[in-house]
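Before any comments, here is the structure.
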Amino acid sequence: MNALKDRYKRVAVEVHCPIHKITKVIYLPEEEMPKCPKCKKLMIIKEVLSEGKY
């Protein structure tokens, strides 16, 4: 598992449910893609969050 952390940089990603407009921030590749608490479908990536945006 340590080799995986060394190989990939941790990236903050904003995910959301397009049906219920629920938004959450997760860190890839450490966390799995969450499911919407209402419809139980996988949430989709809305935006990759990075520092230094213009």
Would Ile22 and Lys38 count as a side-chain contact (heavy atoms from CB on, under 4.5 Å) here? Give the steps.
CA-CA 9 Å; Ile22 297 172; Lys38 291 187 178 182; 4.2 Å; yes
CD of Glu30 to CD of Glu32, rounded to nearest 0.5 Å, is 12.5 Å
Practice problem: Determine, step by step, whether Arg10 and Leu28 satisfy the side-chain contact (heavy atoms from CB on, under 4.5 Å) criterion, reporting the C-alpha distance in whole Å, the side-chain angles of both residues, the deciding distance to 0.1 Å, and the verdict. | Solution: CA-CA 6 Å; Arg10 184 173 126 164; Leu28 295 178; over 6 Å; no
Applying side-chain contact (heavy atoms from CB on, under 4.5 Å) to Lys46 and not counting sequence neighbours gives Glu14, His16
Exercise for review: Kindly indicate, with the supporting measurements, whether the criterion side-chain contact (heavy atoms from CB on, under 4.5 Å) is fulfilled by His20 and Cys39.
Suggested key: CA-CA 8 Å; His20 297 105; Cys39 66; 3.4 Å; yes
Verify same cluster id: Ile44, Tyr27 (apolar side-chain graph, 4.5 Å): no
message: I'd like to know whether Leu49 forms a side-chain contact (heavy atoms from CB on, under 4.5 Å) with Val25, so could you lay out the CA-CA distance, the side-chain angles of the two residues, the decisive distance to 0.1 Å, and finally the verdict.
response: CA-CA 9 Å; Leu49 304 174; Val25 174; 4.0 Å; yes
Value for CD1 (Ile19) from CE (Met43), rounded to nearest 0.5 Å, stands at 10.5 Å
Residues at least two apart in sequence or cross-chain that pass side-chain contact (heavy atoms from CB on, under 4.5 Å) with Lys21, listed by chain then number, are none
